[in-house]
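Reading through the structure tokens given below for one structure.
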Amino acid sequence: MNQYYLTTPIYYVNAAPHIGHTYTTLVADTIKRLKALEGIEAYLVTGSDEHGQKIQRAAAKVGKSPQEYTDLIAAEFEQTWQKLGLAIDKFQRTTSSQHAAAVSRLFLECEKNGYIYMGSYTGYYSVTSEAFVADAKEGDVDPDSGQPLELVTEENLFFKLSAFQDKLIELHETNPGFLQPEARRNEILAFLKSEKLQDLSISRTTIQWGIPVPNHPGHVFYVWFDALMTYWSAVEGTDHWPADLHLMSKEIVRFHAIYWPAFLMAAGWPLPKRIYSHGWLLFEASKMSKSRGNIVRVTPIQEVMGIDALRYFLLREIPFGSDGSFSFDALVARYNSDLANGLGNLLSRTLSMIQQYRGGAVPAPVAADHAAIAQAREHYDRFEFHKALEALWRWIGDLDKYIVENAPWKLAKDASPEAQARLDAVLYRCFESLRLITALVAPVIPQSAARIREQLNIDGPLEWGHTPAGHRIGAVAPIFPRLDPAAAIDRMRQLEAAELDRQNALMGKTAEPEAPAGNITPIAETISIDDFVKVDLRVGVVRSAEAVKGADKLLHLKIDIGEASGPRTIVAGIAKAYQPAQLIGRKVVIVANLAPRKLKGIESQGMIVAASLEGGAPVLAAFLEDVPIGARLK
RNA sequence: GCCGGCGUAGCUCAGAGGUAGAGCGAGGGUCUCAUAAUCCCUAGGUCGUAGGUUCGAGUCCUACCGCCGGCACCA
């Protein structure tokens, strides 16, 4: 086997590319380059998911057709990957005609094999969102708009997912490598064994922007039946399928580990060999999200530090598969300590000595320890990038120490044959080690590695001793100039703001953080001033806060609005957004004359005023100026 | 609520029954080939809390606390 097919997810074009998309994609790029190191030609596919109601609406909002709109955003993704130098072989769009044909084929094949039937989907439907609301019960409201839901029955095509329960269990049980890491596999297996799979609705008649279902006018394919097929359609007509690896972030594992194999089984097509999920990138310990406005863009980092700095950071700092935290501080610290002071400085001192002491000619080969080569390759094989890099940097550290122990600058002044021979050995060992280290870090930091190779003036195989005696080195210049952390971070933050504006303009957005996709919450019915004054809004201060036992979202707060009776108890659904400790002492706005209500057995005497974002966390109302406790809002 | 993972030096983490570790940061020192880089020394951290098993427990058991996930037709 000397070819390898790997994919990233196709990204939904409701957002411009950011560090989350980039993480998966640059890992894929790294794996492709690692395969090349092993003599395997890898084929890398990414793309864009462009159908659906949300896109249709977003396009309409900016006065574009869905196709015009998705052309724009898809191009933005493609250009970003190009700018980052990622070695993508094919960018597959769900709106391509080739893809539509493949999805239809999958459908017809499944239908022929008896896994498709016409049924009805009944659910609570939100008219404002034009979508079904999952898990809704009678009396629930649309979580986005707060509007009532209607019980609607729609005729849909269904896929007999239920027929594959046993086969899927067998797949995951007999093939532990199919889904990695282990934690994800356990979750999927636990789920498959404990829940009965229900059939999957795969078409919609309420949506227009999608791939038409063959022989079923009015129906378009719904989400996964369409999106997952890009992995197949991108390489249709070639010998790449089955895929060797699907990479993704953990929130879409289920669709890849259950739906996707089931679709392929139903069609009788070969399954992919491996699914590997990585964790989430947190930003300075909190989740990145649109509503928090803390999503990091990549091009500012590239501009200030080079994309390799980010690649190195993400692969060295975060064990692949786990969640990890990104921060500009940590990024710059890694860059300075590992790349500038470590690799860059070792290169610089080694070449400089060869230049000064040997006129730029590498001495004759000597044997030396190079066990790190095998270690790094083993770790890479298991996608343990951080361990591979750790091993290589231990090698770098050993060389720095070795140089000091042998003090070549003293040997250079000693004309004895013994001293000169030792100097030769030191110089060769450092040079040859650097050549190999460069080859092994190249998949992670390809652009920098190319520049290092120019200075070494040699590449060659992963074998010790390849550099011949008398090899001439190239011109020496710093690869990773040290950065002043404060200045670098300031600059990245500035560029980040500019980049965000540019992306928002591109997507037709005006404000930041972005407005909820689609319609804003409809304005409530007009009221008179008399109605309004009935609502007694007061400024209060949080005296104590603790989680409510047995509730994920509730906090038990004591809020002081200056009443003689002391602070009152308020139970608020803000636990997902705020730590109890950070609330204490904070000024908040409460509705003070709301009828008391019991929540989880605690009587709540009022409610806290907060902005409610689309599917996101609530944000407490606050004042810029200081306000006395008890002040009334009018 | 149920299930799973995690909680070890300021930070990121390793260790999985036998006298607490690494890298980074910080403090001190050193060499001079090098990007004020390198190298050396310095961390005394109740290993989340409380019990228990054991001659002996970060390391096994139990309970509790905290954090993060999973509990499907949400992208």
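Labels below follow one simple rule: chain letters A, B, ... track the order of the sequence lines, proteins then strands, and each chain is numbered from 1.
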Quick check for you: among rC40(B), rA72(B), rA75(B), whose closest atom lies nearest to any side-chain atom of L197(A)?
rA72(B)
Using the P atoms only, state how far rG25(B) lies from rC40(B), rounded to an integer number of Å.
14 Å
Applying the 3.5 Å cut-off to both distances, the Watson-Crick or G-U partner of rA37(B) turns out to be none
Taking the six-membered ring for Trp and the single ring otherwise, decide whether the centroids of F159(A) and Y259(A) are under 6.0 Å apart.
no
In whole Å, what separates the C1' atom of rG7(B) from that of rA50(B)?
16 Å
How would you label the contact of P408(A) with the nucleic acid (heavy atoms, under 4.0 Å): base, sugar-phosphate, or nothing?
nothing
Return the nearest nucleotide to the side chain of S348(A); candidates are rA72(B), rU35(B), rC33(B).
rU35(B)
Taking only the P atom of each, what is the distance from rU53(B) to rU62(B) in whole angstrom?
15 Å
Test: K193(A) and E173(A) ion pair at under 4.0 Å
yes
When we call it a touch if two heavy atoms are under 4.0 Å apart, what does N345(A) touch: a base, just sugar-phosphate, or nothing?
base
Distance between C1' atoms of rG10(B) and rG5(B) (Å, rounded)
25 Å
Hey, is E390(A) close enough to K387(A) for a salt bridge, meaning N to O under 4.0 Å?
no
What interatomic distance, in whole Å, is found between C1' of rC64(B) and the corresponding atom of rU42(B)?
38 Å
With C1' as the reference atom in both, quote the distance from rC6(B) to rC13(B) in angstrom, rounded to an integer.
13 Å
Go through rU12(B), rC74(B), rG69(B) for me and flag the one nearest to the K250(A) side chain.
rG69(B)
Check whether any side-chain N or O of K401(A) sits under 4.0 Å from OP1 or OP2 of rC40(B), and answer yes or no.
yes
Short N-O contact, D400(A) and R349(A), less than 4.0 angstrom
yes
Which is more 5' along RNA chain B, the nucleotide nearest N341(A) or the one nearest R349(A)? Just name the residue.
R349(A)
Ignoring the backbone of S352(A), work out which of rU35(B), rA34(B), rA75(B) is nearest its side chain.
rA34(B)
If you find the nucleotide of RNA chain B closest to D199(A) and the one closest to E187(A), which residue's nucleotide is nearer the 5' end?
E187(A)
Just the rounded figure in Å: distance from C1' of rG23(B) to CZ of R334(A).
7 Å
Just N and O in the side chain of Y402(A): are any of them under 4.0 Å from OP1 or OP2 of rC39(B)?
no
In plain terms, say whether R451(A) and E454(A) are close enough for a salt bridge, that is, a side-chain N and a carboxylate O under 4.0 Å apart.
no
Between R254(A) and rC71(B), is there a contact of a side-chain N or O with OP1 or OP2 at under 4.0 Å?
yes
When you check the phosphate oxygens OP1 and OP2 of rA75(B), does a side-chain N or O of W224(A) lie under 4.0 Å from one of them?
yes
Apply the syn/anti split at 90° from 0 to rG58(B) and say which one it is.
syn
Using a 4.0 Å heavy-atom cut-off across all strands, classify Q356(A) as base, sugar-phosphate, or nothing.
sugar-phosphate
May I ask you to evaluate whether R394(A) reaches the phosphate of rG23(B), defined as a side-chain N or O under 4.0 Å from OP1 or OP2?
no
Taking only the P atom of each, what is the distance from rA72(B) to rA16(B) in whole angstrom?
36 Å
SB check R422(A) D414(A) (cutoff 4.0 Å)
no
